[in-house]
Amino acid sequence: MQPWSSVPVPQVPGTRSPLRLFDTAAGEIRPTEPGPVARMYVCGITPYDATHLGHAATYLAFDLVHRVWLDNGHQVHYVQNVTDIDDPLLERAERDSEDWIVLAMRETALFREDMAALRVVPPADFVGAVESIPEIVEAVGKLLASGAAYRVDDEYPDIYFRHQASGRFGYESNYDDATMRAFFAERGGDPDRGGKEHPLDALVWRAARDGEPSWESELGAGRPGWHLECSVIALNRLGLGFDVQGGGSDLIFPHHEFSAAHAESLTGEFPFAKHYVHAGMIGLDGEKMSKSKGNLVFVSRLRGDRVDPMAIRLALLDGHYRADREWTADALTGGAARLARWREAVALESAPVAEQAVARLRERLSDDLDTQQALRAIDAWADEALTAGGSDRGAPGLIRAAVDALLGVEL
Ligand SMILES: Nc1ncnc2c1ncn2[C@@H]1O[C@H](COS(=O)(=O)NC(=O)[C@@H](N)CS)[C@@H](O)[C@H]1O
Ligand SMILES: [Zn+2]
């Protein structure tokens, strides 16, 4: 699949700050230590109801990871999937009596537009589940051959992954059994499916049912399970032990736990990713913004109302990426006001020296993406520039470049 259009990221003079991020598996902030090429896999959308502000907030968080690594002199190999075949997509297509392929294509196109408008640096590999089916079939074959997976023996010979097969199941989420069972049932799992050896075993290949799309394969006709798609797309492009696997906190379990377990079972090595990084949930009126609740605010709608995407970006960055937080009209007003003030300040002929503000911006971002203090570092410079003024003619340009490169905001 084609990713969206790329975004130029300027070089900014000054001292770098190595990136440290909270790792869900370790339960603490740890330094990322990428090689010359930092490798990141961020779970993409299931293409319907795209792009709501929850999606946007999560992709912005990983865009900052991308930008800080670039600022630290790394190249970045960024991979993102599109879950363009899965039960929720088929259910939505059914509800709207729409062709599921057309729905997926239209929503993916809208997602690309929204990501480009928000100036999110695109992934090098933007890969659909459907186009990955041959790779996924090969992986299921290996899991069956190694005994990590088995067929249930009934009218639908679905294939399941023995959840303990990798030997470390649970290390990513650190959830207890009761929590796992609850989230498994809530997020696409089928604990009560007859014929399974254990309720937590995860589907890796769903045998064809009448009226459902299916693909012929050596496994028989069927379609992929959700978690394995991300294991395979990541493994085949980044290899095991890449730097960051990312997504919202609702992916901690079962999705990222199984993505890791499948990959570690396939390779016999550990860990799948060095950091498991999760963004908090954006809510609206006290509820998580989610498709099932239908309480969605769309980036495209705001853009249609002529809201500057840079104001949306600043509004979403004015909260910590790991915090569950609310989207409010005030947040947008605040983002727009901050944008206007920064633009006014960088339009000045000269201003107070900017090196300290840029250093503070870098230092705060490198500390688990502390965007709130990072934004305030630029606020302080802009306030001084617009009140006391200053004589440094290079300062406005330095701030403009740093805000562009590190926050992705075009002033
Ligand atoms: N309300 C929300 N706040 C923050 N992030 C959210 C919210 N809702 C969904 N997300 C995140 O947005 C990303 C895409 O969500 S999604 O469209 O449901 N798709 C999926 O989760 C799968 N296609 C991942 S392989 C995921 O990382 C998810 O955790
Ligand atoms: Zn995923």
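Computation of the quantities below employed the complete heavy-atom set of this structure, encompassing side-chain atoms and omitting hydrogens, waters and symmetry-equivalent molecules. Numbering of ligands and ligand atoms starts at 1, following listing order.
The single protein non-hydrogen atom nearest to atom 22 (C) of ligand 1 is Gly44 O, 3.3 Å, given as residue, atom name and distance. In this structure, the protein non-hydrogen atom closest to atom 11 (C) of ligand 1 is Thr58 OG1, 4.0 Å.
Side chain of Lys288 to backbone of Met281: no donor-acceptor contact under 3.5 angstrom is found. Distance alone, capped at 3.5 Å, is enough to place a donor-acceptor pair between the Ser366 side chain and the Glu363 backbone.
Proximity of Leu251 to ligand 1, defined as any heavy-atom pair under 4.0 Å, is confined to the side chain (atoms from C-beta onward). The part of Cys230 lying near ligand 1 is the side chain, judged by heavy-atom distances below 4.0 Å. Residue contacts with ligand 1 for Lys288 involve side-chain atoms from C-beta outward but no N, CA, C or O (heavy atoms, distance under 4.0 Å).
No heavy atom of Tyr48 sits closer than 4.0 Å to any atom of ligand 1. Taking a 4.0 Å cut-off on heavy atoms, His278 fails to register as neighbouring ligand 1. Residue Gly280 places a heavy atom less than 4.0 Å from ligand 1.
Close contacts between ligand 1 and Cys43 involve ligand atoms 24 (C), 25 (S) [criterion: under 4.0 Å to a heavy atom]. Close approach of ligand 1 to Gly247 is summarised as follows: ligand atoms under 4.0 Å from at least one heavy atom of the residue are 27 (O).
Arg119 has no carboxylate O lying under 4.0 Å from a charged side-chain N of Asp63, or vice versa, which leaves the two without a salt bridge. Taking 4.0 Å as the cut-off between side-chain N and carboxylate O, Arg303 and Glu113 count as a salt-bridged pair.
Shown here is Met1, whose CE atom has more than 12 heavy atoms of other residues, nucleotides or ligands within 6.0 Å.
Residue contacts with ligand 1: Ile282 is placed with a nitrogen or oxygen under 3.5 Å of a nitrogen or oxygen of the ligand (distance criterion only).
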